Amino acid sequence: MLSLLGALVWPAAATAQGCAATACRATNVVHATVGTIMRLTLNGSTTVVASPSPAAYAAGQDAVAGPTAIVKSNGRWKLQISAAEPTWDAADAAARTDKPASDLQWSTLPSGQYTSVATTPSAVAEGGATAGTPLPLHYRAQFDRASDAPGPIRWS
């Protein structure tokens, strides 16, 4: 039935398109839109717990392990960091309840220039299409003897 229908339609289509008796060509244009695809993976803890040693406390700062962000994208991307809240969370009743988020600093290099975390986003890195760009984050917590009471604090 299908071949009969094709035989019935073909000569009409060929005639309408000005085709020769044995061959006919038609041009089809196909448009496809590829959407932007991005994936951000964090390897490691997303919560910073600052429990400095006596020497780090005396120095006023302590290095804290951070996660590694892995960006995968088929287009331009920008990774930013910011604090969700203006202060850290006290992990117990003795810890400081008003420790500013800016007392946590970040860098992409362990010995690099550190930037204070704020509630407004700061650019960590940006780039183009990538199958996986790793961006290790290094944190440094700042301490003030006059303000930071004993007790664990947490930033997430």
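Every value quoted in this text rests on a predicted model; they were computed, and no experiment measured them. Any value given below was found using the heavy atoms of this structure, including those in side chains, with hydrogens, waters and symmetry copies removed.
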Rounded to the nearest 0.5 Å, what's the gap from [atom1] on [X] to [atom2] on [Y]? Could you check?
{"X": "Asp103", "Y": "Thr87", "atom1": "CG", "atom2": "OG1", "answer": "11.0 Å"}
{"X": "Arg39", "Y": "Ile70", "atom1": "CZ", "atom2": "CD1", "answer": "11.0 Å"}
{"X": "Thr115", "Y": "Gln113", "atom1": "OG1", "atom2": "CD", "answer": "5.5 Å"}
{"X": "Trp77", "Y": "Thr133", "atom1": "CH2", "atom2": "OG1", "answer": "5.5 Å"}
{"X": "Gln61", "Y": "Gln142", "atom1": "CD", "atom2": "CD", "answer": "5.0 Å"}

Nearest heavy atoms of [X] and [Y], plus distance in Å:
{"X": "Ser82", "Y": "Thr119", "result": "CB-O, 4.0 Å"}
{"X": "Tyr139", "Y": "Leu137", "result": "OH-CD1, 4.0 Å"}
{"X": "Gln80", "Y": "Ala123", "result": "CG-CA, 4.2 Å"}
{"X": "Val71", "Y": "Thr130", "result": "O-CG2, 3.4 Å"}
{"X": "Gly35", "Y": "Asn74", "result": "O-ND2, 3.0 Å"}
{"X": "Tyr114", "Y": "His138", "result": "CE2-O, 3.5 Å"}

Q: I would like to know whether Lys72 and Met38 meet side-chain contact (heavy atoms from CB on, under 4.5 Å); could you show each step before the answer?
A: CA-CA 6 Å; Lys72 293 181 181 183; Met38 291 187 200; over 6 Å; no
Q: Start with the C-alpha gap between Arg145 and Tyr57, add the side-chain angles, then the distance that decides, and say whether side-chain contact (heavy atoms from CB on, under 4.5 Å) holds.
A: CA-CA 8 Å; Arg145 286 182 189 217; Tyr57 189 75; 3.8 Å; yes
Q | Steps toward side-chain contact (heavy atoms from CB on, under 4.5 Å) verdict (Ser116, Trp106) | A | CA-CA 6 Å; Ser116 291; Trp106 65 270; over 6 Å; no
Q.
Whether the side chain of Ser107 engages the backbone of Pro110 through a donor-acceptor N/O pair (distance < 3.5 Å, no angle test) should be reported.
A.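 Not at all, since once roles are kept as given, no pair shorter than 3.5 Å links the two residues.
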(Q) Could you tell me if the side chain of Pro67 sits less than 4.5 Å from the side chain of Asn43, heavy atoms only? (A)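 Asn43 does not reach Pro67 side chain to side chain.
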(Q) Show, in sequence, the C-alpha distance, side-chain angles and deciding distance for Leu40 and Leu79, and conclude whether the side-chain contact (heavy atoms from CB on, under 4.5 Å) test is met. (A) CA-CA 9 Å; Leu40 173 63; Leu79 180 63; 4.0 Å; yes
